[in-house]
Amino acid sequence: MGKKVLDQGRAPVYEALNRFRQMRVVPFDVPGHKHGRGNPELAEFLGEKCVSIDVNSMKPLDNLCHPISVIKEAQMLAAQAFGAANAFFMVGGTTSSVQTMVLSTCKRGDKIILPRNVHQSVINALVLCGAVPVYVNPEVDHSLGIALGMKREQVAKAIKENPDAVAVLVNNPTYYGICSDIKAIVKMAHEAGMYALADEAHGTHFYFGPGMPVSAMKAGADMAAVSMHKSGGSLTQSSLLLAGERMNPDYIRQIINLTQTTSGSYLLMSSLDISRRNLALRGKEVFAKVIAMADYAREEINAIGGYYAYGRELVNGDSIFDFDPTKLSVHTRNIGLAGIEVYDLLRDEYDIQIEFGDIGNILAYLSIGDRMQELERLVSALAEIRRLYQKDPTGLLSSEYIDPEVVASPQEAFYANKKSVPLRESVGLVCSEFVMCYPPGIPILAPGEKITADIIAYIEYAKEKGCSLTGPRDPEVNNLNVLH
């Protein structure tokens with residue numbers, strides 16, 4: 001007998017909070033602002049409605065650590081909407097979803113196969129649990145200077161050489177919109193007795209939009225971390241963790257409770273509930289419009305000259321198996337400007353805040369709240385930047401990705417005895433901390449990796465161009481911590 005089809009028009013957490021609001025309960029519990037009365041400036045800033053539902057777990061509202069009523073119902077609705085066996089509301093961002101996937105499948109000493117262009121949260125999870133990465137170095141498109149997806153033969157080779165690995169992790173898609181052949185990779189992982197995990201921080205819309213790349217759950221993955229707050233419309237820091245039939249939901253919940261707060265925010269949970277309902281009811285038509293806007297913007301930006309807004313024409317059936325049509329990724333190096341320089345100009349001169357700029361590209365994140373008039377403004381600003389600021393592109397660095405040499409496991413290196421050395425004197429030593437441009441938050445160096453002259457040159461160039469470097473203990477990134 002098939003599963004009962006649930007009513008996607010319902011939003012149980014939201015409904016319970018509305019009932020609670022009408023009850024006019026006298027609060028002798030936390031939080032201490034007591035529906036905003038104790039902090040009038042906060043109530044005025046966020047609004048009475050908002051602070052009145054910033055409440056603690058209680059019987060009528062269920063408990064995120066052990067859901068048995070309204071949160072459980074809301075999670076079941078999310079699971080069905082996303083085609084998963086189970087879904088979990090996460091209030092620590094997609095970082096907590098990614099870390100739960102790794103901690104649910106790996107323990108100390110286990111090997112996990114993954115691309116090196118993963119988000120820092122994946123390697124952070126390896127620091128926590130002691131698993132050892134087996135990196136599949138992604139192909140690089142040198143003209144664009146971006147890392148691509150994992151090739152099927154590279155994954156097959158990694159699986160063959162590491163039959164004792166416990167899981168394979170895939171980005172679906174990368175920050176720039178590049179998709180690997182996730183269906184084939186899931187099949188290979190399962191045939192080898194491994195779990196298949198997907199970082200879908202940038203792929204929420206794959207579950208709802210027409211003509212989108214295949215979603216992780218549809219591809220048969222065991223778990224997927226889905227950033228509802230990115231393209232799904234929920235509040236920042238709210239996320240979903242999806243799990244397939246092979247995963248034990250009770251064990252996953254225990255893993256979540258190792259690191260997630262016991263005071264789950266009802267603002268975040270209700271935003272997940274309302275956003276899931278919105279996507280389930282209107283997602284298809286909304287994302288069809290987003291794709292149309294992105295296609296239009298690509299065409300207009302490419303007509304300016306100098307810029308290259310890339311899309312599905314890059315698809316090669318393997319390392320670029322598919323492309324996310326909502327991603328407005330634009331290569332800027334041919335107008336003589338690093339992506340970060342265009343990013344800064346857009347914000348400082350035109351009051352336009354895009355998602356990120358790195359060495360050679362910018363990304364404008366399009367989603368359910370965008371309108372055509374703002375896109376027109378972006379396109380005309382880019383045209384003006386080219387006219388006013390264009391330079392000779394010679395001498396600009398191109399590569400966004402340098403193959404790492406892993407010498408020690410992330411956990412070993414992170415907790416080892418370390419010393420601080422000047423950046424230029426660190427060549428040949430082993431790094432014991434992270435260095436990354438944020439966003440996108442993909443480490444240039446991770447704990448346990450050998451520092452090379454190329455990596456130092458890249459870090460210095462990124463600093464000079466104004467990238468926001470994060471990770472090291474030294475906030476100026478003049479020194480690096482290395483193994484003693």
Side-chain angles (χ1 to χ4, degrees), residues 8 11 13 64 71 74-105 118-119 121-122 125 169-175 177 179-180 182-183 186 195-209 212-245 247 249 252-253 255-256 260 264 268-280 283-284 286-287 290 322 324 326-327 355 365 367-368 440-441:
Q8 290 293 335
V13 174
L64 184 59
I71 297 173
Q75 290 185 157
M76 285 163 65
L77 280 158
Q80 203 160 88
F82 282 81
N86 289 282
F88 303 86
F89 281 7
M90 306 296 285
V91 293
T94 304
T95 288
S96 61
S97 302
V98 166
Q99 291 180 348
T100 300
M101 291 198 303
V102 175
L103 297 175
S104 296
T105 52
V118 287
H119 188 260
S121 57
V122 179
L169 184 137
V170 192
N171 291 322
N172 194 48
T174 69
Y175 224 134
C179 298
S180 302
I182 186 169
K183 213 168 180 175
V186 167
Y195 291 108
L197 314 176
D199 180 347
E200 274 188 320
H202 300 282
T204 307
H205 44 288
F206 287 7
Y207 291 87
F208 302 97
M212 293 281 188
V214 67
S215 69
M217 285 295 117
K218 202 147 203 183
D222 297 301
M223 299 177 89
V226 175
S227 225
M228 274 292 271
H229 71 94
K230 289 194 171 79
S231 61
S234 66
L235 290 177
T236 296
Q237 209 180 303
S238 58
S239 174
L240 283 178
L241 175 62
L242 306 177
E245 297 284 358
M247 303 304 298
I252 293 171
R253 196 182 65 250
I255 296 289
I256 291 169
Q260 182 156 272
L268 297 181
M269 286 188 270
S270 59
S271 86
L272 283 169
D273 201 19
I274 294 164
S275 303
R276 179 272 315 152
R277 180 174 71 176
N278 183 43
L279 294 184
K284 269 201 166 58
V286 168
F287 286 119
V290 176
D322 208 341
D324 173 2
T326 72
K327 293 283 182 291
E355 176 67 13
Y365 214 100
S367 195
I368 61 178

Practice prompt. Using atom types as modelled and distance alone, determine if a side-chain donor or acceptor of D222 lies under 3.5 Å from a backbone N or O of G244.
Written response: no
On a heavy-atom basis, the closest approach of L103 and A125 is CD2-O, 4.1 Å
Pairwise side-chain contact, V13 with I274, heavy-atom cut-off 4.5 Å (strictly under):
no
**Prompt:** With a 4.5 Å limit on heavy-atom distance, are the side chains of M247 and I252 in contact?
**Reply:** yes
Query raised in the report: Any luck finding a side-chain donor-acceptor pair between S227 and T94 under 3.5 Å?
Result: yes
- Would you sort out whether D199 and H119 count as a side-chain contact (heavy atoms from CB on, under 4.5 Å), showing the intermediate values? CA-CA 9 Å; D199 180 347; H119 188 260; 4.0 Å; yes
**Asked** Do the non-hydrogen side-chain atoms of Q99 and V122 ever get within less than 4.5 Å of each other?
**Response** no
Rounded to the nearest 0.5 angstrom, the OG-CE distance for S97 and M223 is 9.0 Å
Backbone of V91 reached by a side-chain donor or acceptor of Q260 within 3.5 Å:
yes
Ring centers of F208, F287 separated by less than 6.0 Å: no
Would you check if there is a donor-acceptor pair between the side chains of Y365 and H202 at a distance under 3.5 Å? yes
- Query: Just wondering, do S104 and Y195 contact through their side chains at under 4.5 Å, heavy atoms?
  - Reply: no
So OG of S238 and CE of M269: to nearest 0.5 Å the spacing works out to 11.0 Å
Between the CD atom in Q75 and the CG atom in L64, the distance rounded to the nearest 0.5 Å is 6.5 Å
Main chain of L272, side chain of S275: is a donor-acceptor contact present, judged purely on distance under 3.5 Å?
no
So CD of E200 and CG of L241: to nearest 0.5 Å the spacing works out to 11.0 Å
Q.
Pair M101, L169 - check side-chain contact (heavy atoms from CB on, under 4.5 Å), show working.
A. CA-CA 9 Å; M101 291 198 303; L169 184 137; 4.2 Å; yes
Legend entry - Full working for side-chain contact (heavy atoms from CB on, under 4.5 Å) between V226 and F206: CA-CA 10 Å; V226 175; F206 287 7; over 6 Å; no
Notebook entry, point to check: Between L279 and Y207, does a side-chain contact (heavy atoms from CB on, under 4.5 Å) hold up when you go through it step by step?
Noted result: CA-CA 9 Å; L279 294 184; Y207 291 87; over 6 Å; no
Q) Counting distance only, does the side-chain N/O of S271 pair as donor-acceptor with the main-chain N or O of S234 below 3.5 Å? A) no
Tightest non-hydrogen contact, residues S121 and V98, listed as OG-CG1, 3.5 Å
When rounded to the nearest 0.5 Å, the distance separating NZ of K218 from CD1 of I182 is 13.0 Å
Closest non-hydrogen atoms of D273 and A74, given as atom of the first, atom of the second and distance, are OD1-CB, 3.5 Å
Validation row: L268, F89 side chains within 4.5 angstrom (heavy atoms) = no
Nearest heavy-atom approach of A84 to M217 is CB-SD, 3.7 Å
Separation between CG (D324) and OH (Y175), nearest 0.5 Å, reads 13.0 Å
Note, V170 side chain near L197 side chain (heavy atom, < 4.5 Å): no
V186 and A196 have their tightest heavy-atom pair at CG2-CB, 3.8 Å
V286 side chain reached by N278 side chain, heavy atoms, under 4.5 Å:
no
query: Is the side chain of N172 donor-acceptor paired with the backbone N or O of V214 at a distance under 3.5 Å, no angle test?
result: yes
Minimal heavy-atom distance between R277 and A11, with the atoms involved, is NH1-CB, 4.0 Å
Notebook entry, point to check: Does the N171 side chain pair with the main chain of P173, one donor and one acceptor, at a distance under 3.5 Å?
Noted result: no
Within the 3.5 Å criterion, strictly below it, is a donor on H205 or S231 matched to an acceptor on the partner's side chain? yes
Query raised in the report: Between the side chain of R276 and the main-chain N/O of Q8, is any donor-acceptor distance below 3.5 Å?
Result: yes
